[in-house]
> 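Questions regarding the structure given below will be posed in turn.
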Amino acid sequence: MTPVSVTPPPTIPTTAHSVQPEVLEAIAKAKAKPDIVWEKLPANFVLPDDPVESIAQPLLAAALNESLEIAQHIAAETIVASNMALVVRINQRTIVKAPDWFYVPQVNPVGKNVIRRSYSPHIDGVVPAIVMEFLSEEETGEYSTRPTHPYGKMYFYEQILQVPIYVIFDPEDGRLEIRKLSPSGKYELQPLNENGRYFLESLDLYLGTWYGTRLDQTFHWLRWWSADEHLLLWGSEKIAEERLLLEAEKQKVEAEKQRAEAERQKAEAERQRAEAEKQRADLAEQEILRLRQLLANQ
C-alpha cells in the first residue's frame, strides 16, 4: 500500500509570549502577595447597606448571641457581632467584609458612650477567633477563593485575616461545615462528633445544629452546647424551664403540706386512741374500786 501522508495539526504556542499581556498581568497580580495595612475605617468611608438575603440570617445571629449572654459566656473584653464591618487596607484600597456572625476574644476598650461601627484587627484588638457565614449565592460568597478585589470570603478570612475557625452553615438543609486554619495557612474541613457537633476551644463550647421553631420560624438553627453536652437555652426556653421548675417546686411544697397534714391527722388519731384507752382504763379502775367497796361493806 502507498503510505498516506498526514499533515500534523498546527501546534498552539504555549510560551508566555503567546499569552496576552493583560492576562499575564492578572495572573501575576493574583499570585503576588497582597500589600496589607491594618487601619481603622476612614471617617468618610460609606459602608454598604445591602439587605439581608433571608429572614433566617438575623434570627440565627440573634439566637447565637442570646444563649451566650444568658449562659454568661460574653465577657466585657469580648465582641460578638453580626454584619459589622471587618476592616483592612489591601493594595491601597480599604476593604470591608461583614460576616453574618463573628467572635473576638480580646478587644481594646472604647471610650464612654462610643459605639463601634466597625472592627479593625490588630488595631481594635486581636483577630476574630471565629467567623460564620450563612450560605448565600454571591459570586464572592462563602466558598470563594477569589484573590483579587472584591475578594472571595474564604480567601479573605483564610489569607488576609487568618481567622482560626471559619464556619459555613445552611439553615435550609442544616449542613454545617467547620474549617480550621492549619499550620500551613490553609483551611482544613473538620470532622463533627457523633452528635454532629464541633468543640470550639476559644469559647469552651460545642457548636451544632437543631431543627425546630423559634419566633414562629421553623428551620435548622445553630445552637451551643456546654463542654458536658448541656444545651445552652434561649430566653423563651429558660422562662419555660423556670416555670416548670417553679411548678415542680410548688407541687413538692403541696405534697409536703399534704404529707404533714396526713402526719398531723395520724398523730391526732393516735392521741384520740390513747385518750380512749385512758378513759377505758379509768372506767375499769373505777369499776374495780366500786366492787371492792361493795365487798368491804358486806
Side-chain angles (χ1 to χ4, degrees), residues 49-86 97-105 107 115-119 128-138 141-142 153 157 163-180 190 192-193 195-245:
D49 191 21
D50 300 329
V52 295
E53 295 190 5
S54 74
I55 193 174
Q57 291 185 351
L59 293 181
L60 285 166
L64 286 169
N65 294 346
E66 183 177 304
S67 53
L68 284 178
E69 182 179 13
I70 291 173
Q72 298 182 341
H73 273 270
I74 302 177
E77 68 275 9
T78 64
I79 281 181
V80 289
S82 58
N83 292 314
M84 187 168 78
L86 295 175
K97 294 287 184 184
D100 290 320
W101 190 91
F102 68 90
Y103 163 72
V104 186
V107 299
I115 298 176
R116 296 182 192 270
R117 65 186 289 252
S118 65
Y119 183 80
I130 306 167
V131 162
M132 295 188 193
E133 291 287 359
F134 310 140
L135 204 60
S136 68
E137 301 297 332
E138 297 178 3
E142 295 74 25
K153 289 181 179 179
Y157 301 138
V163 176
I165 296 291
Y166 178 39
V167 178
I168 299 176
F169 176 63
D170 187 351
E172 187 172 334
D173 62 13
R175 178 161 47 91
L176 173 62
E177 297 177 355
I178 297 179
R179 288 171 170 79
K180 185 176 181 179
Q190 301 298 299
L192 306 180
N193 69 8
N195 296 316
R197 301 166 193 162
Y198 182 80
F199 188 71
L200 296 168
E201 295 180 358
S202 57
L203 279 170
D204 195 31
L205 294 173
Y206 282 97
L207 178 68
T209 62
W210 177 90
Y211 183 80
T213 302
R214 180 178 185 269
L215 300 178
D216 293 326
Q217 300 297 319
T218 303
F219 44 74
H220 296 273
W221 299 79
L222 284 174
R223 302 292 301 262
W224 304 109
W225 280 263
S226 63
D228 56 358
E229 297 279 5
H230 284 90
L231 179 66
L232 270 59
L233 302 180
W234 294 324
S236 58
E237 294 171 329
K238 191 74 174 176
I239 292 172
E241 181 187 60
E242 289 174 352
R243 285 176 178 171
L244 288 175
L245 291 174

> Take Leu200 and Tyr206 through the test side-chain contact (heavy atoms from CB on, under 4.5 Å) and record every step on the way to the result.
CA-CA 6 Å; Leu200 296 168; Tyr206 282 97; over 6 Å; no

> Is the NZ or CZ atom of Arg197 both under 6.0 Å from the centre of the six-membered ring of Trp224 and within 45° of that ring's axis?
no

> Do you know which two heavy atoms are closest between Leu86 and Pro99, and how far apart they sit?
CD1-CG, 3.5 Å

> Does atom CG (Asp228) have a neighbourhood of more than 12 heavy atoms from anything else shown, all under 6.0 Å?
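Counting neighbours around CG of Asp228, more than 12 heavy atoms of other residues, nucleotides or ligands fall under 6.0 Å, so yes.
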
> Would you mind reporting whether Phe199 and Asn193 have side-chain heavy atoms less than 4.5 Å apart?
no

> I'd like to check Val80 versus His73 (side-chain heavy atoms, cut-off strictly below 4.5 Å). Are they in contact?
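Sidechains of His73 and Val80: no contact.
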
> Could you tell me which residues satisfy side chain to side chain donor-acceptor pair (under 3.5 Å) with Tyr157, sequence neighbours excluded, listed by chain and number?
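So Tyr157 forms a side chain to side chain donor-acceptor pair (under 3.5 Å) with Glu133.
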
> Counting C-beta onward and ignoring hydrogens, is there a side-chain heavy-atom pair between Ile130 and Pro164 closer than 4.5 Å?
no

> So, does Tyr166 use its side chain to make a donor-acceptor pair with the main chain of Lys153 at under 3.5 Å?
no

> List the atom of Trp221, the atom of Gly212, and the distance in Å for their closest heavy-atom pair.
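Here Trp221 and Gly212 meet closest at NE1-O, 3.1 Å.
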
> For Glu69, what residues pass the side chain to side chain contact (heavy atoms under 4.5 Å, CB included) criterion, not counting sequence neighbours?
Ile74

> Between Arg175 and Glu177, is there a side-chain N and carboxylate O pair less than 4.0 Å apart?
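Salt bridge present between Arg175 and Glu177.
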
> Please assess Tyr119 against Met84 for the test side-chain contact (heavy atoms from CB on, under 4.5 Å), listing each intermediate value before the final yes or no.
CA-CA 7 Å; Tyr119 183 80; Met84 187 168 78; 3.9 Å; yes

> Could you grab the distance from atom OG of Ser82 to atom CG of Leu59, nearest 0.5 Å is fine?
10.5 Å

> For the atom pair CG (Leu222) and CG (Leu207), what is the distance rounded to the nearest 0.5 Å?
5.0 Å

> Do the side-chain N and O atoms of Asn195 and Trp225 include a donor-acceptor pair separated by under 3.5 angstrom?
no

> Please assess Asn65 against Trp101 for the test side-chain contact (heavy atoms from CB on, under 4.5 Å), listing each intermediate value before the final yes or no.
CA-CA 9 Å; Asn65 294 346; Trp101 190 91; 2.6 Å; yes

> Over all heavy atoms of both residues, which pair between His220 and Leu60 is shortest? Give the atoms and the distance, please.
O-CD2, 3.8 Å

> Run through Leu192, Leu176, Val167 and flag the one making a side chain to side chain contact (heavy atoms under 4.5 Å, CB included) with Tyr198.
Leu192

> Looking at Glu237 and Trp234, would you say the former's side chain and the latter's main chain have a donor-acceptor pair under 3.5 Å?
yes

> Which value, rounded to the nearest 0.5 Å, describes the distance between Asp173 atom CG and Tyr211 atom OH?
11.5 Å

> To the nearest 0.5 angstrom, please state how far the CD atom of Glu172 sits from the OG atom of Ser54.
9.5 Å

> Go through Thr78 and Val107 one step at a time and tell me if the side-chain contact (heavy atoms from CB on, under 4.5 Å) criterion holds.
CA-CA 6 Å; Thr78 64; Val107 299; over 6 Å; no

> With a 4.5 Å cut-off on side-chain heavy atoms, are Tyr103 and Pro128 touching?
no

> If only atom types and distance count, is the side chain of Asp170 paired as donor or acceptor with the main-chain N or O of Leu135 below 3.5 Å?
no

> Check whether any side-chain heavy atom of Ile165 sits under 4.5 Å from a side-chain heavy atom of Glu201, and report yes or no.
no

> Just so I know, are the side chains of Leu68 and Leu205 near enough to count as touching, which here means a heavy-atom distance under 4.5 Å?
yes

> Could you tell me the separation between the CG atom of Leu231 and the OG atom of Ser67, rounded to the nearest 0.5 Å?
8.0 Å

> Answer yes when Arg214 and Glu66 have at least one side-chain N-carboxylate O distance shorter than 4.0 Å, and no when they do not.
yes

> Is the backbone N or O of Leu232 less than 3.5 Å from a side-chain atom of Arg223, with the two atoms forming a donor-acceptor pair by type?
yes

> Hey, does Phe219 have a side-chain heavy atom less than 4.5 Å from the side chain of Thr213?
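No, every pair of side-chain atoms sits at 4.5 Å or beyond.
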
> Find the distance between CG (Asp100) and CE (Met132) and round it off to the nearest 0.5 Å.
10.0 Å

